[in-house]
K.L.:
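I have a structure here, written as structure tokens, and I will follow up with some questions on it.
No hydrogens, no waters, no symmetry mates; every other heavy atom, side chains included, goes into these values.
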Amino acid sequence: MGQISSFLEPIDYGVIIGYLILLVGFGYYISFIKNKKTDASYFVAGNTLGWTSIGLNMWGTNVGPSMLIASASIGFTTGIVAGNFAWYAFVFILLLAVVFSPRYLGANVVTLPEFMGKRFGDSTRNILAWYTLITILISWLSLTLFAGGILVQQLLDIPMYLSVILMVILSGFFAAAGGLKAIAYTNVFQMLLLIGVSLLLVILGINKAGGIEHVYNSTPGSYWNLFLPADDANYPWTAIILGYPIMGVWFWCTDQSMVQSILGAKNLKQGQLGANFIGWLKILDVPLFILPGIVCFVLFPELQNPDEAYMTMVTQLFPAGLRGLIIVVLIAALISTIGSALNSLSTVFTMDVFVKKYRPDASQKTIVKTGRLVTLFGSILAVLITLAINSIKGLNLFDIFQSILGFIAPPMSVVFLFGVLWKKTSTKAVNLVLTLGTVLSLGVGVLYLWVFPNGEYPWPHFLLLSFYIFVALCAMVVVISLADKTVQDNHDELLTINPKARPDKQVKMLWVLLTIVMVLLYIYFNGH
């Protein structure tokens, strides 16, 4: 395949430029002309979300342009095995619904660090603020910037460092012009459009390939198995079964961005129904996001770079003009995520670290100035991290995403599981896991990805490494907690679920039904 930019026509670039100009204009109108009172009531929507809003919000947070590009990439190279990251997730979404949500909502908290602060004290809450900064910087900012850089690189045929810098400048420009507000207003439309595009890609691709049966017969049988042999180089079943739960607990049960919708539920039942709803929505990830990559493998087997699978399908199957529209929506959604991540980074550091710990008497002018400096510094740091991610060899986009997240996950999974389920867990134990455990986990990740890169050295699979780190940190918590003679506060009220908060019959029936469907899917998509 040639450079993707060579398949774009002047009308595509016209649509791209026109859409961006409209977005800036709309953002200027929202920010400076329309009534500004909306900001004042932005945060008072707590505890008003029903199950449909919760499910769609969580899915929208989880599904983005990065996922579309990365999922098509892994679909092209290995088939549906990556569907485990969507379908296996229902176990941990269920854990969120029946184990974590009753305690979060019962504690009447707005953030998860606040919950852990009630459980272990301000020291833990302060450490979690720093941990949140690291998570935002790596998982939400740098990885999204990396995906955006790849997209711009493919479109303009420029080096990655220029692509990344351009994405940061674009995000900053939109923020300054009010464009991010415009994107926030149009985000639902953009996500629906991207989902519709993926569905259309699958339909057009399967039709061009001669039907789903031809697609099946034109791919290796392993492409249709969720579990691959234990000696498989890409995703052995042992790595999936043991390693993904560590990431699943962290992402679905402890990440503020994902759990925020549950915390805003009208009541526990609506939260549990909303979690069930996203469990159903996650089934769509395989046909919508991974299947385009498989179809691309059938239609364009000569494609050298699997990370170009999604955009190759767009440029080859869509007419001129529509290609440009889809590309600019991808860019706008990526800018939105990058801008939101920069804003979150600035807010968490300024309010939870700078003001709370160092300058509680800071003036509004000082706070704003600090926030801007953090945004600038965060942008520079994110560019450097993104370029470091780009230097990783031997992994496609999806594997890079998952491996990095796999090394972020263990400390948080350990702290929240033990903090919620074991009353003897001590403050000293969780603080050491959040500090030394994080250094250990990220340190192993640096060794695995850069110093002694996998492929050149005989490492276990990154999911197995995540599992091994998790086990080591679990042992650390148990040993330190049992040895700690400090008198622990009684947290029975915080940790015990009120009998009235048990899932009702409707919730139980829906979760049983979802479990049956997932088991049937796993049975069907194996043995090929």
Side-chain angles (χ1 to χ4, degrees), residues 54-55 58-59 61-64 66-67 70-71 74 80-101 103-104 112 131 135 138-140 143 226-228 235-262 271-272 274-286 289-290 398-399 401-421 433 437 441 445 461-471 473-474 511 514-515 517-519 521-522:
I54 292 168
M58 292 180 74
W59 197 45
T61 302
N62 181 223
V63 174
S66 304
M67 172 175 280
S71 296
I74 194 68
I80 70 164
V81 65
N84 284 289
F85 290 84
W87 289 359
Y88 193 6
F90 91 95
V91 175
F92 309 100
I93 300 172
L94 173 60
L95 192 68
L96 169 65
V98 301
V99 175
F100 287 93
S101 294
R103 294 174 170 90
Y104 292 158
L112 299 186
Y131 197 97
T135 303
I138 298 175
S139 66
W140 290 104
L143 287 178
L226 286 164
F227 288 148
L228 301 178
Y235 283 101
W237 70 268
T238 49
I240 295 291
I241 292 295
L242 296 175
Y244 177 73
I246 317 308
M247 194 185 303
V249 170
W250 163 67
F251 187 77
W252 293 107
C253 302
T254 77
D255 184 84
Q256 179 71 32
S257 299
M258 295 309 302
V259 180
Q260 183 67 45
S261 296
I262 297 287
Q272 292 174 329
N276 180 265
F277 185 35
I278 192 178
W280 290 102
L281 291 173
K282 290 297 291 179
I283 295 176
L284 300 177
D285 285 14
V286 172
F289 310 132
I290 294 178
F398 186 88
D399 290 340
F401 272 45
Q402 301 304 332
S403 59
I404 291 175
L405 297 180
F407 292 115
I408 292 175
M412 284 287 274
S413 295
V414 170
V415 164
F416 273 79
L417 283 173
F418 275 87
V420 166
L421 299 177
V433 167
S441 193
H461 194 277
F462 65 82
L463 287 176
L464 288 175
L465 279 174
S466 182
F467 173 73
Y468 299 150
I469 294 169
F470 174 81
V471 172
L473 296 183
C474 286
W511 275 106
L514 177 60
T515 301
V517 170
M518 297 310 302
V519 170
L521 285 172
Y522 267 84

K.L.:
Could you check whether the rings of F462 and Y235 sit parallel, tilted or perpendicular, using 30° and 60° as the cut-offs?
P.N.:
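F462 and Y235: perpendicular rings.
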
K.L.:
Looking only at non-hydrogen atoms, find the nearest pair between M58 and I278 and report the distance.
P.N.:
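M58 and I278 have their closest heavy atoms at CB-CD1, 3.3 Å.
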
K.L.:
Step by step, work out the side-chain contact (heavy atoms from CB on, under 4.5 Å) result for F407 and S466.
P.N.:
CA-CA 6 Å; F407 292 115; S466 182; 5.7 Å; no

K.L.:
Do D285 and W59 meet the criterion of a side-chain donor-acceptor pair at a distance under 3.5 Å?
P.N.:
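A pair is found: one side chain offers a donor N or O, the other an acceptor, under 3.5 Å apart.
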
K.L.:
To the nearest 0.5 Å, tell me how far I408 CD1 sits from M412 CE.
P.N.:
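It is 10.5 Å, given to the nearest 0.5 Å.
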
K.L.:
Rounded to the nearest 0.5 Å, what separation is found between the CG atom of L465 and the OG atom of S403?
P.N.:
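Rounded to the nearest 0.5 Å, the CG-OG separation comes out at 10.5 Å.
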
K.L.:
Over all heavy atoms of both residues, which pair between F401 and S66 is shortest? Give the atoms and the distance, please.
P.N.:
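Residues F401 and S66, closest heavy atoms: CE2-CB, 3.6 Å.
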
K.L.:
I need the L405 CG to T135 OG1 distance, nearest 0.5 Å.
P.N.:
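Separation between the atoms: 9.5 Å.
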
K.L.:
Rounded at 0.5 Å granularity, tell me how far CG in L463 sits from CG in N84.
P.N.:
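It comes to 9.5 Å.
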
K.L.:
Given the rule in the side-chain contact (heavy atoms from CB on, under 4.5 Å) test, do V433 and F418 qualify, once you have shown the distances and angles that lead to the verdict?
P.N.:
CA-CA 11 Å; V433 167; F418 275 87; over 6 Å; no

K.L.:
Heavy atoms only: give me the nearest L143-I404 pair and the separation to one decimal.
P.N.:
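Answer, listing the atom of L143 first, then I404: CD2-CD1, 3.7 Å.
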
K.L.:
Which distance, rounded to the nearest 0.5 Å, do you find between the CG of L95 and the CZ of F90?
P.N.:
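Here the rounded value is 12.0 Å.
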
K.L.:
Mind listing the closest non-hydrogen atom pair of A97 and A275 along with its distance?
P.N.:
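The answer is CB-CB, 3.9 Å.
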
K.L.:
Using the test salt bridge (Lys or Arg N to Asp or Glu O under 4.0 Å), find all partners of D399 that sit at least two apart in sequence or belong to another chain.
P.N.:
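Residues passing salt bridge (Lys or Arg N to Asp or Glu O under 4.0 Å) with D399: none at all.
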
K.L.:
F416 and L112: which non-hydrogen atoms are nearest, and at how many Å?
P.N.:
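Distance-wise, the nearest heavy atoms are CZ-CB, 4.0 Å.
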
K.L.:
Is a side-chain donor or acceptor of Y104 paired with a backbone partner of V259 at a separation under 3.5 angstrom?
P.N.:
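Checking the backbone N and O of V259 against the side chain of Y104, no donor-acceptor pair under 3.5 Å is found.
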
K.L.:
Less than 4.5 Å apart, any side-chain heavy atom of M518 and any of I283?
P.N.:
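Yes, at least one pair of side-chain atoms sits under 4.5 Å.
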
K.L.:
For V99, which of L417, L94, V420 qualifies under side chain to side chain contact (heavy atoms under 4.5 Å, CB included)?
P.N.:
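Per the side chain to side chain contact (heavy atoms under 4.5 Å, CB included) rule, the option paired with V99 is V420, out of L417, L94, V420.
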
K.L.:
Looking at every non-hydrogen atom in both residues, tell me the closest pair between Q272 and V98 and how far apart they are.
P.N.:
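For Q272 and V98, the tightest heavy-atom pair comes out as NE2-CA, 4.2 Å.
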
K.L.:
Below 4.5 Å, heavy atoms only, C-beta onward: do L96 and I262 meet side chain to side chain?
P.N.:
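Yes. Closest side-chain heavy atoms under 4.5 Å.
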
K.L.:
Under a 3.5 Å distance rule, please check whether S441 uses its side chain to pair with a backbone N or O of G437 as donor and acceptor.
P.N.:
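No, the answer is negative, given that no donor and acceptor are paired below the 3.5 Å cut-off.
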
K.L.:
Going from OG on S71 to CD1 on I80, what distance comes out if it is rounded to the nearest 0.5 angstrom?
P.N.:
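Rounded to the nearest 0.5 Å, the OG-CD1 separation comes out at 13.0 Å.
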
K.L.:
Show me the donor-acceptor pairs within less than 3.5 Å that the side chains of residues 236-251 make with the rest of the protein, sequence neighbours left out.
P.N.:
unit_1	atom_1	unit_2	atom_2	d
Y244	OH	F85	O	3.3
Y244	OH	W252	NE1	3.4

K.L.:
State, yes or no, whether a side-chain contact exists between L284 and F289 at a heavy-atom distance under 4.5 Å.
P.N.:
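No, side chains not in contact.
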
